[in-house]
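Structure record follows, encoded as structure tokens.
As the structure is a computational prediction, the values presented were derived from the model and not from experiment.
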Amino acid sequence: MAHRKKLRRMWTVTTAIVAAGVVPPAASATIASPCAPDGTYGPPLPSQSVAAQLIRGGFNFLEGPTWDQRTGTLLLSNMQNPTGPQGVQPSAIFRYTPPATFETFIADSGSNGLAITADGTRVLAATHDNRTVSSYNLADRSRTTVAANYLGHAFNSPNDLTTGRDGTTYFSDPNYQRGNRADEQGGRTSVFRVRDGVVGLVDDTLPQPNGVVLSPDGKTLYVGATGANAIMKYTVFPDGTTGNRTTFANMRTPDGATIDCAGNVYWASFDEGLVRVFSPSGVQLGTISAGRNITNAAFGGPDGRTLYLTSGVSGAFGLYQVRLNVPGNPY
């Protein structure tokens, strides 16, 4: 997004490279999912129109919330205004411990979107500071590179990401935080995946791809194209590649997103200041409001039924919450 956050191939291309310095996903035990096997869920919203409550305001620009199940805390990025000749936005990862404690977890993280890995030991970050996808060890906060470039060309400014239980990570690469740095993507804004250290192209035809989220079973990938006012849907194959792109829903300025255990999709509309909730078939079920300019959403809390939202205007952002009926999928 230029000053607002997020201010050719249609199908997956299997050409890929191993980027220098890439770290493959850890093969550790996965953390428990709040989604019950073969669970049956009712309506996700208490009513068709729901309002979230402010937890705390006064932040510059919040993004990328993700719930750390092992510590019972929420991580989120706080981005600052562009600085220096390259116009890069500094960023830090904050940690929120309910009900009211906020602290800087990683200073100068350079991050936007975040996602906890399936083993619960690391937080993946779309890092626009050096135009990569990074991994931060939650124990010692050390940083490693997960995706450095594509075919030797720097990404624009990785923005948001989602990761599956098999370690495959999908991320969007609009140019919102590229600043004054050179365009090495030939004018394209794309969606990529990285698996076992290999970077592959998902789609380079979307104007300003933004939020990305996987279905609970990992078989469907959703991507919001802010520049097209649309959410796209892809089939995910067992090897992590994708295909069969269709339009899932149309909405204004789709930003970040999350999903619940029933497969209902929650997509933030930046311009509308709403989260629009869709069934797995694309039928709109209702809306959640939280002030102006909602950027992202994530489920958390002990039972996974608290939806956290980041929303506000530059210099006056807040973290919001609302209790819902269906727990969220953690990735």
Side-chain angles (χ1 to χ4, degrees), residues 5-6 31 33-35 41 43-45 50 52 55 62-69 73-77 96 112-118 123-126 159-165 169-172 191 209-224 226 231-233 236 248-249 251 253-270 272-280 282 284-290 293-301 303-311 319-331:
K5 161 203 164 200
K6 300 180 175 188
I31 58 176
S33 170
C35 301
Y41 301 99
L45 301 178
V50 180
I55 298 172
L62 294 179
E63 251 292 359
T66 187
W67 183 256
D68 183 354
Q69 184 175 321
T73 61
L74 185 78
L75 301 179
L76 62 164
S77 295
Y96 165 61
N112 192 321
L114 305 172
I116 300 292
T117 57
V123 59
L124 299 173
N159 187 288
D160 210 348
L161 45 74
T162 185
T163 187
R165 297 185 77 81
T169 297
Y170 303 86
F171 62 97
S172 58
V191 182
N210 206 317
V212 290
V213 65
L214 281 166
S215 61
D217 62 8
K219 296 180 179 180
T220 303
L221 176 71
Y222 301 91
V223 178
T226 304
I231 302 167
M232 312 311 295
K233 176 180 177 180
V236 178
F248 173 69
M251 61 175 283
T253 56
D255 207 312
T258 191
I259 199 162
D260 68 21
C261 292
N264 300 308
V265 178
Y266 300 69
W267 221 287
S269 168
F270 184 88
E272 293 180 300
L274 294 173
V275 169
R276 295 194 175 274
V277 185
F278 301 94
S279 72
Q284 183 167 305
L285 303 177
T287 60
I288 303 169
S289 61
N293 304 335
I294 299 180
T295 58
N296 220 322
F299 279 96
D303 61 0
R305 296 174 189 263
T306 299
L307 184 69
Y308 293 99
L309 309 170
T310 49
S311 181
L319 177 65
Y320 293 75
Q321 67 180 0
V322 61
R323 292 285 294 165
L324 300 179
N325 297 334
V326 178
N329 195 57
Y331 313 114

* Mind checking whether Ile259 and Thr162 have side chains closer than 4.5 Å, heavy atoms only? -> no
* To do: Taking all non-hydrogen atoms of both residues into account, name the closest pair between Ala118 and Gly164 and its distance.
  => CB-O, 4.2 Å
* In this structure, which one of Val123, Leu124, Thr163 forms a side-chain contact (heavy atoms from CB on, under 4.5 Å) with Ile116? -> Val123
* Asked: Is the closest side-chain heavy-atom distance between Ser77 and Leu114 below 4.5 Å?
  -> yes
Can you give me every donor-acceptor pair (side chain of residues 217-224, partner residue at least two apart or in another chain, under 3.5 Å) with its distance?
| residue | atom | partner | partner atom | Å |
| --- | --- | --- | --- | --- |
| Asp217 | OD1 | Ser215 | OG | 2.7 |
| Asp217 | OD1 | Lys219 | N | 2.9 |

* Of all the heavy-atom pairs spanning Gly256 and Trp267, show the shortest one and how long it is. => O-CD1, 3.5 Å
* Under a 4.5 Å cut-off applied to non-hydrogen side-chain atoms, are Arg323 and Asp303 in contact? -> yes
* Asked: What distance do Cys35 atom SG and Tyr41 atom OH have between them, rounded to the nearest 0.5 Å?
  -> 5.0 Å
* Quick one: does Thr295's side chain get under 4.5 Å of Phe270's, heavy atoms only? -> yes
* Structure fact -> Tested for side-chain contact (heavy atoms from CB on, under 4.5 Å) against Pro44, the lone hit among Val50, Leu307, Asn325, Asp260 is Asp260
* Nearest heavy atoms of Ser289 and Leu274, plus distance in Å -> CB-CD2, 3.7 Å
* To do: First locate atom OG1 of Thr310, then atom CD of Glu63, and finally report the distance between them rounded to the nearest 0.5 Å.
  => 5.5 Å
* Asked: How far does CG of Asn112 sit from CG of Leu62, to the nearest 0.5 angstrom?
  -> 11.0 Å
* Structure fact -> Rounding to 0.5 Å, atoms CD1 (Ile55) and CD (Gln321) come to a distance of 3.5 Å
* Asked: Rounded to the nearest 0.5 Å, how far does OG1 of Thr66 lie from CG of Leu76?
  -> 10.0 Å
* Pairing residues for Glu272 by the side-chain hydrogen bond (donor to acceptor under 3.5 Å, both in side chains) criterion, not counting sequence neighbours -> Ser269, Arg276
* Asked: With a 4.5 Å heavy-atom cut-off, do Pro280 and Asn264 have their side chains touching?
  -> yes
* Asked: What pair of heavy atoms forms the shortest contact from Val326 to Pro43, and how long is it?
  -> CG2-O, 4.3 Å
* Asked: When the ring planes of Tyr308 and Trp67 are compared, do they come out parallel, tilted or perpendicular, using 30° and 60° as the limits?
  -> parallel
* **Any residue meeting side-chain hydrogen bond (donor to acceptor under 3.5 Å, both in side chains) with Arg305, in chain and number order, not counting sequence neighbours** => none
* Check side-chain contact (heavy atoms from CB on, under 4.5 Å) between Ser311 and all other residues, then give those that pass, not counting sequence neighbours. => Ala290, Ile294, Tyr320
* Asked: OG1 of Thr226 to CG of Asn159: how many Å apart, nearest 0.5 Å?
  -> 8.0 Å
* Structure fact -> In terms of heavy-atom contacts, Pro254 and Ile231 come closest through CB-CG1, 4.3 Å
* For Thr258, what residues pass the side-chain hydrogen bond (donor to acceptor under 3.5 Å, both in side chains) criterion, not counting sequence neighbours? -> none
* Partners meeting side-chain hydrogen bond (donor to acceptor under 3.5 Å, both in side chains) with Thr73 (sequence neighbours left out) -> Thr71
* Asked: If every non-hydrogen atom of Pro216 is compared with every non-hydrogen atom of Cys261, which pair is closest and at what distance?
  -> CG-O, 3.9 Å
* Can you list the steps and then say if Leu324 with Tyr266 is a side chain to side chain contact (heavy atoms under 4.5 Å, CB included)? -> CA-CA 12 Å; Leu324 300 179; Tyr266 300 69; 3.7 Å; yes
